[in-house]
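Proteins get letters first, then strands, A, B, ... in listed order; numbering begins at 1 in each. All values derive from a computational prediction rather than experimental measurement.
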Amino acid sequence: DSGVTQTPKHLITATGQRVTLRCSPRSGDLSVYWYQQSLDQGLQFLIHYYNGEERAKGNILERFSAQQFPDLHSELNLSSLELGDSALYFCASRESGLAGPHSYNEQFFGPGTRLTVL
Amino acid sequence: AQKVTQAQTEISVVEKEDVTLDCVYETRDTTYYLFWYKQPPSGELVFLIRRNSFDEQNEISGRYSWNFQKSTSSFNFTITASQVVDSAVYFCALTSSNSGYALNFGKGTSLLVTP
């Protein structure tokens, strides 16, 4: 168990709908990363939040948005869903202490949310 | 920009064979980190190893071994005496501080080990 939780585990919805995926990071981790794993695009980085602020964007569609709340949990909002949005969505959390130049703070992945758009 | 290439899409071996999964990467960063993850049919991502760019020592862990060569920008993964339980998709990934430590994954190699 990585300590990162994601809900729901499975989500089935219809095209055009809007869904929210939730991620609770490990206790004390300030960074949350979202990734999408789809058949077409593989496993790709979507967005990174640190202590409530957006830090970096990857290949995230404009229909998608995310936020991180004061309690550090994060939500990924997907709107106007299309068939191609069907994917496994992972979040990962990471320690944010001073790692130094020759050390690295590990990223811990949640179990993922499997989204099916019909 | 960083890039990870796993040229082998699918590999099929018979149990007890050795198998090597290739990973080639591109980065302009001088300090970076390489990873291998395993994704079994259940879907979770299982961390296998991290290698720092300044440490080119190869590593062995049981039946698993990793060969990191900066000269060829490769980080290959070998499973010795493969077992059916090794059947999974394996991902190579790369990150650095310049990418905010977001992981750049290769497309993955699907390994099927048959009895």
Side-chain angles (χ1 to χ4, degrees), chain A residues 1-6 9-10 29-51 53-60 66 87-116, chain B residues 1-10 21 23-25 27 29-57 59 68 75 88-110:
Chain A
D1 186 353
S2 67
V4 179
T5 60
Q6 289 187 248
K9 194 170 183 179
H10 301 276
D29 285 358
L30 301 178
S31 272
V32 170
Y33 299 80
W34 285 97
Y35 297 87
Q36 177 197 56
Q37 184 179 18
S38 66
L39 288 175
D40 292 341
Q41 302 296 326
L43 191 52
Q44 59 176 0
F45 164 65
L46 293 179
I47 197 164
H48 170 209
Y49 271 81
Y50 174 81
N51 201 21
E53 292 187 2
E54 181 187 300
R55 279 300 180 92
K57 278 186 173 180
N59 296 322
I60 188 167
L88 188 52
Y89 291 85
F90 290 102
C91 80
S93 77
R94 179 173 175 269
E95 290 182 48
S96 303
L98 292 174
H102 295 300
S103 61
Y104 176 81
N105 291 336
E106 296 296 343
Q107 207 169 122
F108 295 86
F109 279 85
T113 292
R114 186 169 295 279
L115 173 66
T116 302
Chain B
Q2 298 180 339
K3 185 178 179 182
V4 176
T5 301
Q6 294 180 255
Q8 304 149 310
T9 305
E10 294 180 356
L21 309 182
C23 173
V24 174
Y25 63 92
T27 181
D29 296 318
T30 53
T31 300
Y32 52 89
Y33 304 88
L34 294 160
F35 304 79
W36 277 96
Y37 284 85
K38 174 182 180 180
Q39 187 176 42
S42 52
E44 73 272 21
L45 284 170
V46 179
F47 167 79
L48 296 178
I49 191 172
R50 167 173 52 85
R51 180 54 78 213
N52 308 333
S53 57
F54 44 85
D55 180 5
E56 284 194 72
Q57 268 195 327
E59 183 157 337
F68 175 32
F75 185 43
V89 181
Y90 291 86
F91 292 94
C92 181
L94 168 67
T95 194
S96 68
S97 61
N98 286 336
S99 69
Y101 295 112
L103 293 170
N104 289 285
F105 287 90
K107 293 291 188 185
T109 297
S110 178

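A donor-acceptor pair is defined here as one N or O able to donate and one able to accept, closer than 3.5 Å; no such pair exists between the side chain of B:K107 and the backbone of A:L43.
For the pair A:Q37/B:F91, a side-chain contact is recorded, criterion being any heavy-atom separation below 4.5 Å from C-beta on. A:F45 has its side chain out of reach of B:T95: every pair of non-hydrogen atoms, C-beta onward, lies at least 4.5 Å apart. The shortest side-chain heavy-atom distance between B:F47 and A:E106 falls under the 4.5 Å cut-off.
A distance of 8.0 Å separates CG of B:N104 from OH of A:Y35, quoted to the nearest 0.5 Å.
Residues satisfying the side chain to side chain donor-acceptor pair (under 3.5 Å) test with A:N51, not counting sequence neighbours, are none.
For A:F90, the part lying near chain B is the side chain, with the backbone staying farther off; criterion is any non-hydrogen pair under 4.5 Å. For A:L88, the part lying near chain B is the side chain, with the backbone staying farther off; criterion is any non-hydrogen pair under 4.5 Å.
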